[in-house]
**Q** 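Have a look at this one before I ask anything.
Just the heavy atoms: all of them, side chains too, but no hydrogens, waters or symmetry mates, feed the values below. These figures come from a predicted structure and were not determined experimentally.
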Amino acid sequence: MPSQRSAIAALKKLEADREALDQRQRELEEKAAIELGQMLLGTGIETFSKKGIRTAGELLGKLGEEESLRRLEGARPAPAREPQASSG
């Protein structure tokens, strides 16, 4: 029954392909984590707890880039104003 053997061979190949894709995904996730870490170093977020970084990332991800930036810009404190010299 050649069709059974070809189906079995196809399943074996599919499983091997899945394993290769899983490995590739793990490699790319590791590289992405390194890239993200390098981008974030020096921003101040490295002082957050692991849980805080994860929570912030999840919330920002749900909002999307534009909305996140809009909200964060709106939440910035106003720059400190220097006292005006009185003219009297």
**Q** Who passes side-chain contact (heavy atoms from CB on, under 4.5 Å) against Leu72, sequence neighbours left out?
**A** Leu60
**Q** Can you list every salt bridge (charged side-chain N to carboxylate O under 4.0 Å, His left out) pair that touches residues 47-61, not counting sequence neighbours?
**A** Arg54-Glu58
**Q** Checking one residue: Ile45. Which other hydrophobic residues are in its cluster under the side-chain 4.5 Å linking rule?
**A** Leu40, Phe48, Ile53
**Q** Tell me, which pairs form a salt bridge (charged side-chain N to carboxylate O under 4.0 Å, His left out) where one or both residues lie in residues 20-29, sequence neighbours left out?
**A** Arg24-Glu27
**Q** Which donor-acceptor pairs under 3.5 Å do side chains of residues 7-21 form with protein atoms, sequence neighbours excluded?
**A**
residue, atom, partner, partner atom, Å
Lys13, NZ, Asp17, OD2, 3.1

**Q** Does Arg76 have any side-chain contact (heavy atoms from CB on, under 4.5 Å) partners at least two apart in sequence or in another chain, and if so, which?
**A** Glu73
**Q** Once side-chain contact (heavy atoms from CB on, under 4.5 Å) is applied, do any residues pair with Leu69, and if so which ones, sequence neighbours excluded?
**A** Glu65
**Q** Quick one: which residue pairs count as a side-chain hydrogen bond (donor to acceptor under 3.5 Å, both in side chains) with a foot in residues 30-47, not counting sequence neighbours?
**A** none
